[in-house]
Amino acid sequence: MEPYHSQDTEAGSQASISATNKERLPFQESHEEIEKEAAHMGNFDPTQTLNKQAAVKIDIKDTNFFYGSKQALYDVSLPILDRQVTALIGPSGCGKSTFLRTLNRMNDLIPRTRIEGRADFDNFNIYEKKTDVVLLRQRIGMVFQRPNPFPKSIFENVAYGLRVQGKSKKVIQERVEASLQGAALWDEVKDRLNTSALGLSGGQQQRLCIARALAVEPEILLMDEPCSALDPIATLKIEELITELVKEYTIVIVTHNMQQAARVSHFTGFFLSGKLIEYAPTVQLFERPQQKATEDYISGRFG
Ligand SMILES: Nc1ncnc2c1ncn2[C@@H]1O[C@H](COP(=O)(O)OP(=O)(O)OP(=O)(O)O)[C@@H](O)[C@H]1O
């Protein structure tokens, strides 16, 4: 599929987002730990890894979505680019989560829903009835708003999908460790893998859920406001993790937090009333929005 092309020239804006990366932190507190985490984040600048020529991983065209007779998405079209972070922003109820859930068919679990359009992934349309959703959800994993570990041990949480797949003991052992490493949790839990996951802090639980998603080796990770239940430090850890994970995975993240979108994403889509108003490289969308509604939203005039 064709890569995404944009007309902008963003040399100037790259420099400015890089310079303001630290200033953009949304938190008023400035105690030591936050400062330390923030200093880490200062090293990450998504404009440095923005790749407008990246291959299109999922090509979404003219998506309409209905809850019964209520239409929640209108003609949404956008590409999800390979190994880039795409952020979805917009006011409450604009359809961000609904859209995210169309990508791995999570809305199928809600009765009386209907979808039109297409989302081409490899050589098939995700929305087609015949799509194998179990396989799809292995390839397109999901992390939810609230960490939702199973009431099992840390090890068993990560091993879960692998056991379902019937993997050998050796493979399970290896992948559990690799996934916990990948989710930047290994060092904190390696000595207590057999204790309950429910004993972990909220931020650790969310990283465990990321490890659980990674264990089945997905290509894409969908994250639905993964930091909304976390404190500032745990939030920064997840953001840092996202910037690491995107080297190997394609990430789509719904966030209410515009600074978070600016800190971690390469591309941003702004939704309003079920419509995708604007989609562009993040730096461009925030610094030179093309639509008045985008400008009003990002400057805090509504939402
Ligand atoms: N299960 C459902 N049944 C009926 N309507 C729903 C359902 N889930 C969401 N909606 C409606 O669809 C619209 C889009 O909701 P959605 O949750 O996708 O928005 P959102 O932008 O993610 O909101 P938020 O930021 O508050 O999570 C809203 O009007 C919402 O009320």
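Quick note: numbers below take in every heavy atom, side chains included, and nothing from hydrogens, waters or symmetry partners. Remember, it's 1-based here, ligands and their atoms both numbered in the order they're listed.
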Check whether any side-chain heavy atom of I60 lies under 4.5 Å from a side-chain heavy atom of I58, and answer yes or no.
yes
Below 3.5 Å, can you tabulate the donor-acceptor pairs from side chains in residues 185-192 to any protein atom, sequence neighbours excluded?
{"from": "E188", "atom 1": "OE1", "to": "Q204", "atom 2": "NE2", "distance (Å)": "3.0"}
{"from": "E188", "atom 1": "OE1", "to": "R207", "atom 2": "NH2", "distance (Å)": "3.2"}
{"from": "E188", "atom 1": "OE2", "to": "R207", "atom 2": "NH1", "distance (Å)": "2.8"}

Name all residues meeting the salt bridge (charged side-chain N to carboxylate O under 4.0 Å, His left out) criterion together with R212; count only those two or more places apart in sequence or in a different chain, and write none if there are none.
none
For residues 187-218, which residue pairs qualify under ring-ring contact (aromatic ring centres under 6.0 Å, His included), counting only residues two or more places apart or in two chains?
none
Show, in sequence, the C-alpha distance, side-chain angles and deciding distance for D122 and R139, and conclude whether the salt bridge (Lys or Arg N to Asp or Glu O under 4.0 Å) test is met.
CA-CA 11 Å; D122 276 352; R139 296 182 68 186; 2.5 Å; yes
Tell me whether the NZ or CZ atom of K275 lies within the 45° cone about the ring axis of Y74 and under 6.0 Å from its centre.
yes
Measuring from each atom of ligand 1, which residues have a heavy atom under 4.0 Å away?
Y67, K70, A72, P91, S92, G93, C94, G95, K96, S97, T98, I110, E225, H256
